[in-house]
Amino acid sequence: MSSPQIRAVLFDIDGTLLVTGGAGGAAWQRAFEELHGVEAEIAEHTDAGMTDPEIVKIVFREAIGREGTLEERAKAIGCYLKHLPEAVAESGGYRVMPGIEQLLPRLIEGGVLLGLVTGNVEAAAHIKLSRGRLNRFFSFGGYGSDSADRTEVTKAALRRGELVSGGALADGACISVGDTPRDVSAGHGAGIEVVGVATGSYSIDELRTGGADFVLSSVEEGFPV
């Protein structure tokens, strides 16, 4: 793949751009404790790469023992967002992934549009990015607030990228970057190639088996744009 072909790159957040050190899980726990008085161990019930709408539905089922109503799930997400800024700010494990702070400005300077493709609802995405001062690099995105399905989230990001670029993102002009097999299958489902980075909970071999078109230990290692 030659770099002039690529006019936009979509980045996943958790495990790809940064890790919050468990801040998301802490915010979910506080929300379910406040609203329902239950201990919700998020990591026990969910996997990396899930969307926030998937997470809240699973936590209702596993921690409360029933399907939450649409209204209850919406209220839980709102309460999660209330607690997330404090959880992110106080997290001792928050860090931006190796090479990201160098890669993003290099891509921007090279005329590449940067977008987000994440299971986080839009507000949560920007809360997580803000501590690392990464918001400033991204002009569009697809979010868990667009759909509970990762492929549909990726398609939403591509539609917004078309608007931002004035229609310049022709077939093959965009790739995505993620750290889970869910990111890979979502990108392929939306018709784009995917760079798998082993900076999250999946290994190089697992990402390769998952079908990633490029597999790197981190974005510092031969990023294809």
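Both backbone and side-chain heavy atoms feed into the values below; hydrogens, waters and symmetry mates do not.
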**Heavy atoms from other residues, nucleotides or ligands near CZ of Arg66 exceed 12 (cutoff 6.0 Å)** =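 Enclosed.
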Just so I know, are the side chains of [X] and [Y] near enough to count as touching, which here means a heavy-atom distance under 4.5 Å?
X	Y	value
Glu90	Glu86	yes
Phe137	Leu17	no
Ile192	Ile175	no
His188	Asp213	yes
Ser217	Ile204	yes

Look at [X] together with [Y] and state whether they make a salt bridge at an N to O cut-off of under 4.0 Å.
X	Y	value
Asp12	Arg182	no
Arg160	Glu122	no
Glu109	Arg106	no
Arg73	Glu67	yes

**Prompt:** Can the ring centres of Phe223 and Phe214 be said to be less than 6.0 Å apart?
**Reply:**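 No, ring centres 6.0 Å or more apart.
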**Prompt:** If every non-hydrogen atom of Trp28 is compared with every non-hydrogen atom of Ala76, which pair is closest and at what distance?
**Reply:**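 Distance-wise, the nearest heavy atoms are CZ3-O, 4.0 Å.
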**Request:** Considering non-hydrogen atoms only, spot the tightest contact between Asp52 and Ala124 and give its length.
**Result:**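 Residues Asp52 and Ala124, closest heavy atoms: OD2-CB, 4.1 Å.
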When you measure from the side chain of [X] to the backbone of [Y], do you find a donor-acceptor pair of N or O atoms at a distance under 3.5 Å?
X	Y	result
Thr118	Tyr143	no
Tyr94	Gly132	yes
Ser91	Ala87	no

**Prompt:** Taking a hydrophobic cluster as the set of Ile, Leu, Val, Met, Phe, Trp and Tyr residues connected by side-chain heavy atoms closer than 4.5 Å, whether directly or through intermediates, do Ile108 and Leu116 fall within one such cluster?
**Reply:**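 Same cluster: Ile108 reaches Leu116 through Ile, Leu, Val, Met, Phe, Trp or Tyr contacts under 4.5 Å.
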**Prompt:** Can you tell me how far NZ of Lys75 sits from OG1 of Thr69, rounded to the nearest 0.5 angstrom?
**Reply:**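 Spacing of OG1 (Thr69) from NZ (Lys75) equals 10.0 Å.
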**Asked** About how many Å separate OG of Ser165 and CG of Leu113, when rounded to the nearest 0.5 Å?
**Response**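 It is 6.5 Å, given to the nearest 0.5 Å.
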